[in-house]
Amino acid sequence: MITITIASIIEEVGWKGYCEDSIGNYMNWFWESMIFGVLWSLWHFPLLFIQGTYQAGLMVNPLYVVNFFVSGIPMEFVITWVYLESDRSILACMIFHFFVNFMQEKIAITPETKCLETIVITVLTIIIVLVKKDMFFETRHIGKLPEYTDR
């Protein structure tokens with residue numbers, strides 16, 4: 001519990017406190033989410049080689065490893081949505097991140113279930129992006145994020 005709590009806090013302070021707006025300052029939230037999803041997945045790559053981590057347990061099947069890294073992309077769309085809908089609240093992202101980590105690691109989600117989760121999160125992402133097209137594809141915020149508060 002301590003590890004996932006600290007990870008949720010530290011990662012979101014860095015990711016949302018700096019990176020999200022830094023990338024979003026140059027492009028719409030759709031492309032920011034795509035890029036950030038890839039970066040988020042790559043950030044977790046070293047965990048494949050640390051015994052005892054959820055990611056290391058995926059090494060039994062290459063499909064599980066690929067699924068884990070692909071799943072970071074739709075998950076980033078969801079967390080970007082949480083970030084923007086909460087008026088860029090880092091705390092909301094920390095709570096969401098903690099919930100995801102808790103569900104995946106502490107409830108011992110199986111790699112097979114993780115594959116199903118990826119499908120569900122991808123469908124959810126498609127729905128969110130379609131419903132919130134204006135949010136993900138608008139460009140009003142580009143170059144002026146610090147004062148941007150109007151959704």
Side-chain angles (χ1 to χ4, degrees), residues 1-48 50 52-58 64-65 67-138 140-141 144-151:
M1 287 299 283
I2 292 171
T3 304
I4 65 171
T5 301
I6 291 171
S8 300
I9 293 168
I10 292 172
E11 285 185 3
E12 292 310 324
V13 166
W15 293 128
K16 298 299 177 272
Y18 175 74
C19 294
E20 186 96 12
D21 283 352
S22 293
I23 296 171
N25 206 26
Y26 296 99
M27 60 192 60
N28 66 37
W29 295 113
F30 179 88
W31 286 110
E32 178 279 334
S33 297
M34 290 291 284
I35 291 168
F36 207 63
V38 171
L39 292 175
W40 193 13
S41 290
L42 293 174
W43 168 263
H44 290 89
F45 181 77
L47 295 175
L48 288 171
I50 300 173
T53 63
Y54 172 78
Q55 292 81 0
L58 300 175
Y64 299 154
V65 174
N67 178 69
F68 177 80
F69 289 105
V70 167
S71 72
I73 297 169
M75 187 63 76
E76 178 53 34
F77 276 88
V78 175
I79 202 163
T80 295
W81 173 71
V82 168
Y83 180 65
L84 296 173
E85 283 295 323
S86 66
D87 289 325
R88 295 177 25 224
S89 169
I90 296 170
L91 179 60
C93 295
M94 287 177 192
I95 292 167
F96 181 79
H97 191 149
F98 174 82
F99 175 75
V100 169
N101 284 353
F102 181 80
M103 295 302 288
Q104 291 178 343
E105 295 184 33
K106 295 306 173 193
I107 296 183
I109 189 171
T110 66
E112 295 84 5
T113 307
K114 175 68 176 157
C115 292
L116 291 173
E117 177 200 52
T118 300
I119 293 168
V120 171
I121 295 296
T122 301
V123 169
L124 177 64
T125 295
I126 291 167
I127 292 168
I128 289 171
V129 170
L130 289 174
V131 169
K132 294 292 194 172
K133 262 191 279 193
D134 291 344
M135 174 189 287
F136 280 95
F137 293 101
E138 65 87 9
R140 294 182 315 249
H141 69 279
K144 54 184 174 208
L145 269 176
E147 68 270 7
Y148 182 72
T149 58
D150 183 34
R151 282 187 267 148

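FYI, side chains are in, hydrogens and waters are out, and symmetry mates aren't considered; it's all heavy atoms of this structure.
To the nearest 0.5 Å, atom CZ of residue Phe36 and atom CD1 of residue Ile73 are 13.0 Å apart. Between the CG atom in Leu42 and the CH2 atom in Trp40 there is a gap of 13.0 Å [rounded to 0.5 Å]. Note that CD1 of Ile121 is 11.5 Å distant from CD1 of Ile126, once rounded to the nearest 0.5 Å. We find the CD1-OG1 distance between Ile10 and Thr5 to be 11.0 Å, quoted to the nearest 0.5 Å. Atom CD1 of residue Ile95 and atom OG of residue Ser86 lie 9.5 Å apart, to the nearest 0.5 angstrom.
Around the CZ atom of Phe137, the shell of radius 6.0 Å holds more than 12 heavy atoms that belong to other residues, nucleotides or ligands. Summarising the local packing, CH2 of Trp81 is surrounded by 12 or fewer heavy atoms from other residues, nucleotides or ligands at distances under 6.0 Å.
Counted by atom type alone, Glu112 and Tyr64 present one or more donor-acceptor pairs between their side chains at under 3.5 Å. Looking at Glu117 and Thr113, their side chains never bring a donor and an acceptor atom within 3.5 Å of each other.
Each of Glu12, Lys16, Glu11 was scored for a side chain to side chain contact (heavy atoms under 4.5 Å, CB included) with Met94, with one residue passing: Glu12.
Contact between Leu39 and Trp15 at its shortest, heavy atoms only, is O-CH2, 4.4 Å. Pairing each heavy atom of Glu32 with each of Gly24, the nearest pair is CG-N, 3.7 Å. The two residues Ile128 and Val78 have their closest heavy-atom pair at CD1-CG2, 4.2 Å. Annotation for Pro74 and Thr125: closest pair O-OG1, 3.0 Å, computed over non-hydrogen atoms. Between Met135 and Trp29, the shortest heavy-atom contact is O-CD1, 3.2 Å. Heavy atoms only, all atoms of each residue included: Phe69 and Ser41 are closest at O-OG, 2.6 Å.
Ring centers of Phe136 and Phe77: under 6.0 Å apart, within the cut-off.
Side-chain contact between Ile35 and Met27: present, with at least one pair of heavy atoms (C-beta onward) separated by less than 4.5 Å.
Under the 3.5 Å distance criterion, the side-chain polar atoms of Thr53 are matched with a main-chain donor or acceptor of Ile50. Although no hydrogens or angles enter the test, the distance criterion places a donor-acceptor pair under 3.5 Å between the side chain of Asn28 and the main chain of Trp31.
In this structure, Phe98 and Phe102 have parallel ring planes: the angle between them is below the 30° cut-off, well short of the 60° mark. Between His44 and Phe68, the angle of the ring planes goes over 60°, which puts this pair in the perpendicular group of the 30/60° scheme.
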Q) So Phe96 and Met75, side-chain contact (heavy atoms from CB on, under 4.5 Å) or not? Walk me through it. A) CA-CA 11 Å; Phe96 181 79; Met75 187 63 76; 3.9 Å; yes
